There are 2 protein chains.
Amino acid sequence: MPARGDHDARRRDLSEAVWRVVAEQGFTGLTMRAVAAEMDASTGLVTHYFPSKAALVRHALELAAERVDTMERHVPSAPGLAGLRAAILDVVPVDPERVAMNRVWVSSWDLALADPTLGEAQRERYDRWRARLRGHVEAAVARGELPDGADVDDVAVSAAAFTHGLVTQALFDPAAFPVARLEGLVAGFVEGLGSQNPNPS
Amino acid sequence: MPARGDHDARRRDLSEAVWRVVAEQGFTGLTMRAVAAEMDASTGLVTHYFPSKAALVRHALELAAERVDTMERHVPSAPGLAGLRAAILDVVPVDPERVAMNRVWVSSWDLALADPTLGEAQRERYDRWRARLRGHVEAAVARGELPDGADVDDVAVSAAAFTHGLVTQALFDPAAFPVARLEGLVAGFVEGLGSQNPNPS
DNA sequence: CTACGTACCAAACATTTGTTATGCACCTCG
DNA sequence: CGAGGTGCATAACAAATGTTTGGTACGTAG
């Protein structure tokens, strides 16, 4: 009963076009016609795969979540603080792919702050990311690289904060943040954790 | 020759309305009609003060820059690391005003990443902020609170990164980041700086 | 008091953008 | 080889939004 077999291929083309549009124009520039133009097609093609604008936005966010997942598993296992450093470096914009990913991510916050549903999704993503970072922190405590009384939750929050804050600065001034400097900053941050006092609260 | 004297007052009303709209709806929701509705007026009033949408957006960003300036001067002078901690706490969302300010700020990044002019403006603002933070870092080095070989530029970048990353997480999950926790996290970060190694680069 | 310019409203207008409808080509199945 | 459904273009439609215009009220200058 179905007609063609390259449905999945086309859908992948669509995803690529959506990705490029958002990475370059932000979510403000994400429009049916922009996506269509990006792949030299008609708006009919876009609506054929995404029945509404909301579905398009949802798909863009799913793409972002999916790509960040694959990038974060890039270095699967390293011990303790080295693992934390690797996890941070998996996110930081050290190559064009990661630059695009972070641009999409940061752009999405405009919508996510205004839309409760998207905001909640973002909150959950932060939760999962912090949980993953916390795993590395706990390993570091177990290895004696961090003081035994360290609050692993707080350290995970700090690591996530440092990472995303660095991402933002780098996105707006790529020339000032070449790969070598990013690596040095991340290394410095992780080393600094080793001597942090246990949380007095 | 001019007509009325409450021009400035009305303009202040306009600014207030623009601010509320952006804080609640983001820059995506910043529209002539939304601003007009926010102050129970007509779109004619809005266009009378802002001839175009671009002017409206520019004004919203000027407002954000202005308010962040006044808030950062809130605690004018403290010595060394204590000054750095105060400077960070001046930005973090510890009250409704600062929550609104940060929401506006984060929302603006969607537009700023897509528009080269706005992006450049954001870059310059980061530069100025980092310069101010660097002042505190240099004072801390002079007071012996940081090692003499510390790279003050890198520490300023790290402080800005930690701050904005913490802001973002707090905005999406206010319940998880009450004032006390924010203060504890900031204090922990600043204390951790004291023992960071000099940058080997 | 008249003239004129400012402040503003109300509504029309043009553009952008999301959505829907129509039609055609092609592929698969019977 | 015909029937029906998929994939997609074309284009009309509708809603939202930026922009422009005509008109009114009012205050100040002369």
Side-chain angles (χ1 to χ4, degrees), chain A residues 1-63 107-108 110-111 114-115 117-118, chain B residues 1-22 24-62 107-108 110-111 114-115 117-118:
Chain A
M1 47 303 248
R4 197 115 96 291
D6 58 351
H7 179 104
D8 289 356
R10 267 289 184 272
R11 196 176 171 88
R12 232 169 303 139
D13 292 346
L14 249 301
S15 292
E16 264 305 315
V18 169
W19 190 254
R20 280 196 301 269
V21 167
V22 178
E24 285 166 26
Q25 312 286 341
F27 276 84
T28 301
L30 176 58
T31 158
M32 304 280 195
R33 285 170 177 80
V35 172
E38 180 72 29
M39 55 191 297
D40 282 318
S42 69
T43 77
L45 185 149
V46 179
T47 64
H48 187 64
Y49 287 83
F50 299 104
S52 74
K53 170 79 179 284
L56 227 189
V57 172
R58 230 173 310 152
H59 182 69
L61 292 172
E62 285 166 10
L63 273 180
S107 287
S108 78
D110 180 36
L111 287 179
D115 180 335
T117 302
L118 298 182
Chain B
M1 51 297 244
R4 197 110 98 298
D6 57 353
H7 179 106
D8 289 355
R10 267 289 185 274
R11 196 176 173 89
R12 233 170 302 139
D13 292 346
L14 248 301
S15 292
E16 265 303 316
V18 169
W19 191 253
R20 279 196 300 269
V21 168
V22 178
E24 285 166 27
Q25 313 285 343
F27 275 83
T28 301
L30 176 58
T31 160
M32 304 281 193
R33 283 170 178 80
V35 172
E38 179 72 29
M39 55 191 295
D40 283 316
S42 69
T43 76
L45 184 150
V46 179
T47 64
H48 186 64
Y49 286 83
F50 300 104
S52 73
K53 168 80 179 281
L56 225 188
V57 171
R58 230 173 308 151
H59 181 69
L61 292 172
E62 285 166 9
S107 287
S108 79
D110 180 37
L111 286 179
D115 180 334
T117 303
L118 297 182

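Keep in mind the model is a prediction, meaning the values are calculated, not measured. Naming convention: chains lettered A, B, ... in sequence-line order (proteins, then strands); numbering from 1 in each chain.
For Thr43(B), counting side-chain heavy atoms from C-beta on, the closest listed nucleotide (dC9(C), dC8(D), dT19(D)) is dT19(D). Of all nucleotides listed (dC8(D), dT17(D), dC8(C)), dT17(D) comes nearest to the side chain of Thr31(B).
Atom-to-atom, CG of Leu14(B) to P of dC9(C) comes out at 10 Å; the value is rounded to the nearest Å. Taking atom CZ of residue Phe27(B) and atom C1' of nucleotide dT17(D), one finds them 17 Å apart after rounding to whole Å. In this structure, NZ of Lys53(A) is placed 12 Å from C1' of dA16(D), rounded to the nearest angstrom. Spacing between atom CZ of Phe50(A) and atom P of dT20(C) amounts to 17 Å, rounded to whole angstrom units. With rounding to whole Å, Arg10(B) atom CZ is found 13 Å from dG27(D) atom P. Rounded to whole Å, atom P of dG18(C) lies 19 Å from atom NE2 of His48(A). Whole-Å rounding puts the Asp13(B) CG to dA7(C) P distance at 14 Å. Distance CG (Leu56(B)) to C1' (dG18(D)): 11 Å, rounded to an integer number of Å.
The heavy-atom pair separating Tyr49(A) from Arg11(A) by the smallest distance is O-NH1, 3.9 Å. Contact between Thr117(B) and Asp115(B) at its shortest, heavy atoms only, is N-OD1, 2.8 Å.
Residue Thr47(A) is classed as a base contact, given a heavy-atom separation below 4.0 Å to a base.
Side-chain contact check for Ser108(A) versus Leu118(A): every heavy-atom pair is 4.5 Å or farther apart.
Of the residues in residues 32-40 of chain B, those placing a heavy atom less than 4.0 Å from an atom of DNA chain D are Met32(B), Arg33(B), in numerical order.
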Donor-acceptor pairs under 3.5 Å, side chain of residues 25-41 of chain B to any protein atom, not counting sequence neighbours: which ones?
residue, atom, partner, partner atom, Å
Thr28(B), OG1, Asp110(A), OD2, 2.5
Thr31(B), OG1, Arg33(B), N, 3.4
Glu38(B), OE2, Arg20(B), NE, 2.7

